[in-house]
Each structure stands twice: as structure tokens, then as C-alpha cells.
Protein chains: 2
Amino acid sequence: MSEVATEHNRIVDAAARLFYERGIHAVGMDAIRTEAGVSLKRLYGEFASKDELIAEVLRRRTEIWDAGIAAAAASAATPRERLLAIYDFLDGWFRTDDFRGCGFINAFGELGAGSPAVAEIARAQKERFQRYVGRLVRELGAPEQLGDQLALLAEGAQTTAAISGRPDAASHARAAAVTLIDVALAA
Amino acid sequence: MSEVATEHNRIVDAAARLFYERGIHAVGMDAIRTEAGVSLKRLYGEFASKDELIAEVLRRRTEIWDAGIAAAAASAATPRERLLAIYDFLDGWFRTDDFRGCGFINAFGELGAGSPAVAEIARAQKERFQRYVGRLVRELGAPEQLGDQLALLAEGAQTTAAISGRPDAASHARAAAVTLIDVALAA
DNA sequence: TACTGTAGAGAACGATCGTTCTCAGCGCAA
DNA sequence: TTGCGCTGAGAACGATCGTTCTCTACAGTA
């Protein structure tokens, strides 16, 4: 049973890695089978279809994202620092070798319209993040709309870092966030 | 010859529409052939391969984007207004029925890593935009990095509007832009 | 009227996709 | 030992992809 659990995870991890690297359509079930080192039969025993595996990969990705944000916030003492920790987290991520943009944005762009399930998972993930930012903004005592603006900066940094290949998008976003926060608090 | 030119355009327009709607991998050459109303032979006479057609579609898309931005800026009297016109342009775009995010971000997410040509066209397009914003910021007499921040807001608004389905991302970006511009000019 | 060149319609090809099926091998109860 | 159930390896299937080829119809010329 623990065997099954680790094989399940191995499949999800392998699929996540390949999907993120090459895009979803470009990766066949056979490549996932090879990367995960399991039989095709087992693969289809764990996931009834590729669509189901895609959904599971995205769900797993939300957990990883949440954990990363939480870890970055853990060493921050104030709501303001926790907000800025988001951009520090992004900065570190953008500098990893295999960074290739936000997996949700990529998945949505590739098959969003054709796959309501994927569109919904991506939407939910972005909403969760917006709510997290909104909560911190409220703790800060700043007006609600600051949260929308700070989330926008984080989204923009991700696509800019991916396409332009400029990791300093994170520090630009951070600088803009500092300005917006200060103005909001001074009002 | 004008016959050929309009058929060429019909093909590009049809492909652009389908790629944007359904994603690139999901659209076959046969669907493009049908949508454009040309023969397969003609299609491959105009474009040697699907890759070439994809590149042409993206190049055309940069022209449309540039024209949209220019048109929005045309009715603005000052650099500041021309900067804010960007977000008004986005607002109108986000509210169109068939809006499905930035075509460059989508294409890059889908096959960026596997297609250097597509990655380069997307990168070049984003760089052009950043330069345009940078030029306006310079006319404004504001520090260089304001341009990076304003571009970030525009990028973030596009992905947020697409995934979350909230066209008001444009007005949030605009509000943030106003704040950042005012602070930059006051300094 | 016969000949030539071109273009349209779509059949055909080889590759690859997601998915299912076959079959040999192995652990294990009786 | 015999029979049974399960598993792994991968062959096989039908669909669809990008691309090419065939064949037919016809416009223009002598």
C-alpha cells in the first residue's frame, strides 16, 4: 500500500516535470510511463485517463505553491513583510534553472478553453492567491483594492520572467509593491 | 496576385482565430483549411509547414497589438495620458467576447521550450512593448524603472483577466499605474 | 479539336497519440 | 504439482496529426 502511494507520487511527479518542461500536449503517456518507471497498466490503474492525471498534477502544483508562499512568509514578522516575502519567493523561483513560467498560466493557455476542468483549477488557484494577498492587506489596514494591485504585480512578474527571461522582474514587482503599500498606508 | 494576397491573409486570419480559440496543438491543418476555405495544396503553397504558419500568425499578432496601442494613444495629449491609455485599451480588449488572454503568453506556455522560433517572437514582442512604455516614461521625465513596473501591471492584468475572467483587472492596473506615476513624478 | 499546365478535392502515408489487449511469468493456496 | 490470480512488458488498435500524392476538371493555345 505504501508501494502504491509512492508509485502514485512518482507518476504525478514525473508527469508534472514533463508537462512543465515541454507542454501538456507534447508529452505522451508513454513518456510519462518511462520517466516514472512504471508499467502502462499501472499508470492506467492509478489514473483513468490523461485528463485525470493532468488535473492531479495541477492540484499537486497548488500545494507546492501554497507551501512555498507559506515558507517565505514564515520568516516574516509583520503583514507588510509577509506581503513582500511573496516577491522574494518569486525571485528565488525565477532563478531556478528549470523555471518556465507559471504552470497554471501555461496550462490554461494551452487547453483552457477546451478543458473546463483545467480552467477551473487554474481559476481557483489564482483566486486562492488573491484571497491570501487580500487577507494580508486587511491585516495591514490598507484599502481592499491594494490586494488586487499587488496580485497583479505578482502575475505580471511571472509572465515577464518567463518570456523575457529576466528574473529581475521580481525585484521590479517588489519595488512597485513597496510604493503602493506605502501610499495606501499614508492615505 | 491580389487573389493570392487575400488568400494568404484569409489563411493567416483563420489560423489566428482557431489557434487563439483552441490552442495551437489542438488545431489541425485541415481545420485551418476548412475555416479559410482554401485547398490543402494552396495552404502548403503559401506556408511550407505548420511551424511557418504559426510564426506568421504571431508576427501578424504583433502588428495588431501595436496598432491597438497606437490607436489608443492617438487620442491622448500627454505622455501620462498615453501611458494610461494602455490600460484603457486593455479594458476594452478584456471585455470582448472572444478574449482568452495574451496570445503570446499562451503560445509561449504551450510550446515555448520546444519551439525556439515561437519563444523568440514572444520575447521580441514583450521587449517592444517594454521599450514603448520606457519611451513614454522617459518623455514623462520619470525614472527608468517606472517603465518596468508599468509593463508588469499590464502583463499581470492580461493573465488575471484571462484566468479569473475579471475584466476589471484593467482598472486595477490603471489605478496602480496612476499611483506609481504620481509617486515617481513627485520624487 | 487536341494538347498542355494548373489547381482543387480529397485519398493516402507514415508517425504518433491515448487507450486497451495479449501473453508470458510468478507467487501462492490446496 | 496443479491451477489461479495478478502483474509487467509491450504489441496492437483506432483516431488523428502533418504532409504528400493522385486524379480529375478545366482554361488557354495552336
Side-chain angles (χ1 to χ4, degrees), chain A residues 1-58 106-107 109-118, chain B residues 1-58 106-107 109-118:
Chain A
M1 180 242 181
S2 96
E3 277 298 331
V4 171
T6 69
E7 284 208 329
H8 185 98
N9 289 345
R10 270 227 310 280
I11 295 170
V12 174
D13 287 346
R17 195 162 45 242
L18 293 176
F19 286 162
Y20 185 65
E21 252 177 37
R22 310 182 199 168
I24 293 175
H25 265 134
V27 173
M29 293 297 266
D30 210 61
I32 295 169
R33 184 204 79 90
T34 301
E35 177 90 355
V38 304
S39 71
L40 258 188
K41 183 173 236 168
R42 169 82 85 177
L43 210 181
Y44 276 92
E46 297 286 333
F47 303 94
S49 67
K50 189 181 184 183
D51 284 346
E52 208 169 273
L53 176 55
I54 294 169
E56 183 67 19
V57 164
L58 290 182
N106 293 350
E110 180 165 357
L111 30 82
S115 169
V118 166
Chain B
M1 181 240 180
S2 97
E3 277 298 330
V4 171
T6 68
E7 284 207 329
H8 185 97
N9 289 345
R10 271 228 309 280
I11 294 170
V12 175
D13 288 347
R17 196 163 43 243
L18 293 177
F19 287 162
Y20 184 66
E21 253 177 38
R22 311 183 198 167
I24 293 174
H25 265 133
V27 173
M29 292 297 266
D30 210 62
I32 295 169
R33 184 204 79 92
T34 301
E35 178 90 357
V38 304
S39 71
L40 257 189
K41 183 175 240 170
R42 170 82 85 178
L43 211 181
Y44 276 92
E46 297 286 333
F47 304 93
S49 68
K50 189 181 184 183
D51 284 346
E52 207 169 276
L53 176 54
I54 294 169
E56 183 66 19
V57 164
L58 290 181
N106 293 350
E110 179 164 356
L111 30 82
S115 169
V118 166

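For clarity, every value in this text was computed on a predicted model and none was experimentally measured. Within every chain, numbering begins at 1; the chains are lettered A, B, ... in the order of the sequence lines, protein sequences first and strands thereafter.
In this structure, CG of Leu43(B) is placed 14 Å from C1' of dA7(C), rounded to the nearest angstrom. In this structure, CG of Asp30(B) is placed 13 Å from C1' of dA12(C), rounded to the nearest angstrom. Regarding Tyr44(A), its OH atom lies at a distance of 18 Å from the P atom of dT7(D), rounded to whole Å. If you measure from atom CZ of Phe47(A) to atom C1' of dT19(C), you get 16 Å, rounded to the nearest angstrom. Protein atom CG of Leu40(A) is 14 Å distant from nucleotide atom C1' of dT16(C), rounded to whole Å. Computed from coordinates, the Leu18(A) CG to dC17(C) C1' distance equals 16 Å when rounded to whole Å. Glu7(B) places its CD atom 11 Å from the C1' atom of dA7(C), with the value rounded to the nearest Å. Rounded to a whole Å, the NE2 atom of His25(B) is 17 Å from the P atom of dT16(D).
Phosphate contact (OP1/OP2 of dG8(C), side-chain N/O of Arg42(B), threshold under 4.0 Å): present.
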Would Glu110(B) and Asn106(B) count as a side-chain contact (heavy atoms from CB on, under 4.5 Å) if you check the C-alpha gap in whole Å, the side-chain angles of each, and the deciding distance to 0.1 Å? CA-CA 6 Å; Glu110(B) 179 164 356; Asn106(B) 293 350; over 6 Å; no
Should Glu46(B) and Glu56(B) be marked as a side-chain contact (heavy atoms from CB on, under 4.5 Å) after you check the CA-CA gap, both sets of side-chain angles, and the distance that decides it? CA-CA 11 Å; Glu46(B) 297 286 333; Glu56(B) 183 66 19; over 6 Å; no
side-chain contact (heavy atoms from CB on, under 4.5 Å) between Phe47(A) and Val12(A), worked out: CA-CA 10 Å; Phe47(A) 303 94; Val12(A) 174; 3.6 Å; yes
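The residue among Lys41(B) and Ile24(A) whose nearest nucleotide of DNA chain C is located toward the 5' end is Lys41(B). Residue whose closest nucleotide on DNA chain C sits further toward the 5' end, between Arg33(B) and Ala48(A): Arg33(B).
Ionic pairing of Arg33(B) and Asp30(B) is present here: one or more N-O contacts between side-chain nitrogen and carboxylate oxygen are shorter than 4.0 angstrom.
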